[in-house]
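What follows is a single structure, written as structure tokens, with notes after it.
Quick note on labels: first sequence line is chain A, next is B, and so on, each numbered from 1.
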Amino acid sequence: MTKKGLLFISLVVCMIALPVAMNGQCKQFAKNTCKPGLDPYQHDGNYDAAALLIEGEQADMYRVLHADVNYRIGVCGSGNLSSIHFKVQDVRDNFKVIYDNSEHDFDWKWDVKLESSRQLRIIVTVPVSDEDSSSPEEGCVSVMIGSTDF
Amino acid sequence: MNRNLLLPGKFFLLLFVSFSILAVSCKLGTKTGSEGSGEFEASGALDAETQEQLNTAKRIFYSLPSPLETAMLIKNAGAAYNEELLNPTGNTARYITSKGKALNLGIYSTDLSYASLFDQTQATLDYIGAAKEMADGLSILDAIDEETIEFLEENINNREMIIDIISETLMNSSSFLKENGMEATASIVLVGGWMEGLYIATNLVDDSKLKENKLVERIVDQKLSLDIIVNLLMQSSEDEDAMAVLEDVNTLKVIFDKITIVQGEVTAVEDPETNVTILQSDSSIKISKDVFRELKAKVSEIRSSYIS
């Protein structure tokens, strides 16, 4: 194989590997940092909402929580990000806000039990720490759900 | 200067440039096009338009109950364990296509969760083996390795540890697929697991007792997840397999549309002692015996096509 060919293959490998490696960091972050924080609630095994987010960016997660189950919703962000802001809305009740962690000192977790099953929307926002910064911070943010009923 | 000595330098320069481009594109995604062209860095502080774009930038995730939660809902509704309802582990060799392996990874994961929550130790070991075969077939690295199985065997009487191991394997499979651009496969796995839960639950119900039946309530609740499933699969609209699964889901939706769920307003009340918030709300469901039977038959038909 020619040197140019080798160079091209190396670049392609890098282009594929870099985003994977960055996302891989999020998995490790979710697994090593967020998941233990759910204790004594046990993680349900879902890895739906874990991503690299930039300051100012928002992510929404839609999920049905079921009646009579003890849930802990945990929303955690890596250390370089300010406290993550999250709100929970009831989809079928005109997106009424039923929880806002900014009213609870930006607590990263919320323990909840429902009398009837509802579809919820969890809105996660990474606050901008420095409005004058030219390079917004980026880090892993993960939404994890645990239960004590397994 | 020796030409060969220049090559590593050129190589690393190109590598550095490509990494820089990738780092910027990865960091800013596709939603903020102007930054990629360098305008972002050149402008110093974020301009109002860019800030606005960032503020409104959104990622949307659709989440289904995991196989563990599905099994927990069945158990907590007072249902029994019936191994005859599970997909036999001897069927693993049947699944050759990527779609078949993905669906049955979900199905076996739900079977594994169901067996483990009912303390069925041998079935738990058998089904983690079956799930491993599916995961290996999809080239999911290290989702379930030999070490995990040995660890499970050593802790087979420790419920908490078993749940933790299953939770970990589910997370490993899902994260591997998503991080390797196989979102469609990850969605198919989830829907396979969800369908298996629905199959087990509908077959555990005595349809002469539909009223005041917790398991029926949990089955009806799945109507609330239908638009989530549709949106999840639509995120892979270019994928033929995901679209085939969506067709199945849409046939179920026609039946679920015949079921009525009436929900009242939600009031959040926090218990100051436990810090647990109770979401108080009224809800009622209406499902006829005919509709339940129709749903059960359609779920069985779809599930049968997945495991055959």
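In this structure, chain A has a heavy atom under 4.5 Å from the backbone of B/Asp282, while its side chain stays farther away. Proximity to chain B (any heavy atom under 4.5 Å) is shown, for A/Asp44, by both the backbone and the side chain. The contact between B/Gln222 and chain A is made entirely by side chain atoms (from C-beta outward), counting heavy-atom distances below 4.5 Å. Of the atoms belonging to B/Leu232, not a single heavy atom falls under 4.5 Å from chain A. The parts of A/Ser117 that come within reach of chain B are both its backbone and its side chain, each placing non-hydrogen atoms under 4.5 angstrom from that chain.
Distance alone, capped at 3.5 Å, places no donor-acceptor pair between the B/Arg59 side chain and the A/Ala51 backbone. Side chain of A/Asn46 to backbone of B/Met171: no donor-acceptor contact under 3.5 angstrom is found.
Side-chain contact check for A/Ile98 versus B/Leu279: some heavy-atom pair is nearer than 4.5 Å. Under the 4.5 Å side-chain criterion, counting only non-hydrogen atoms from C-beta, B/Ile60 is in contact with A/Tyr62. Proximity of B/Glu270 to A/Tyr99: side-chain heavy atoms (C-beta onward) are nowhere separated by under 4.5 Å. A heavy-atom distance below 4.5 Å is found between the side chains of A/Val69 and B/Leu73. Between A/Leu114 and B/Ser281 there is no side-chain heavy-atom pair separated by less than 4.5 Å. Contact annotation: the side chain of B/Leu224 approaches that of A/Arg92 to within less than 4.5 Å [non-hydrogen atoms, C-beta and beyond]. Residues A/Lys96 and B/Glu265 are in side-chain contact: their nearest non-hydrogen atoms beyond the backbone lie under 4.5 Å apart. The closest side-chain heavy-atom distance from A/Asp93 to B/Gln263 is not below 4.5 Å.
To the nearest 0.5 angstrom, B/Glu69 atom CD is 6.0 Å from A/His66 atom NE2. Between the OG atom in B/Ser283 and the CZ atom in A/Arg118 there is a gap of 7.0 Å [rounded to 0.5 Å]. Note that the OG atom of B/Ser173 and the OH atom of A/Tyr47 stand 13.0 Å from one another [nearest 0.5 Å]. Note that CD of B/Gln280 and NZ of A/Lys113 are 12.5 Å apart. Values are rounded to the nearest 0.5 Å. Rounded to the nearest 0.5 Å, atoms CD1 (B/Ile278) and CD (A/Glu115) are 7.0 Å apart. The distance from the OG atom of B/Ser175 to the CD atom of A/Gln28 is 8.5 Å, given to the nearest 0.5 Å.
Among B/Ala186, B/Ser174, B/Ala268, B/Ala71, the residue making the largest number of heavy-atom pairs under 4.5 Å with chain A is B/Ser174. Among A/Arg121, A/His43, A/Arg72, A/Gln42, the residue with the largest count of heavy-atom pairs under 4.5 Å with chain B is A/Gln42. If you tally non-hydrogen atom pairs under 4.5 Å between each of B/Asn275, B/Leu170, B/Asn172, B/Val266 and chain A, the highest count goes to B/Val266. By number of non-hydrogen pairs under 4.5 angstrom with chain B, the leading residue of A/Asp111, A/Val124, A/Ile122 is A/Asp111.
Between B/Lys214 and A/Asp68, at least one side-chain N (NZ, or NE/NH1/NH2) sits under 4.0 Å from a carboxylate O, which counts as a salt bridge. Looking at B/Glu179 and A/Lys27, no side-chain N of the basic residue comes within less than 4.0 Å of a carboxylate O on the acidic one, giving no salt bridge. The residues A/Lys35 and B/Asp164 are annotated as salt-bridged, a charged nitrogen and a carboxylate oxygen being separated by less than 4.0 angstrom.
Counting heavy atoms of neighbouring residues, nucleotides and ligands inside a 6.0 Å radius, atom CG of A/Asn32 exceeds 12 of them.
When all heavy atoms are compared, the tightest approach of B/Thr277 to A/Trp110 is OG1-NE1, 2.9 Å. When all heavy atoms are compared, the tightest approach of A/Tyr41 to B/Val276 is OH-CG2, 4.4 Å.
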Checklist entry - A/Asp60 and B/Phe61: side-chain contact (heavy atoms from CB on, under 4.5 Å), yes or no, with the steps? => result CA-CA 6 Å; A/Asp60 292 1; B/Phe61 301 99; over 6 Å; no
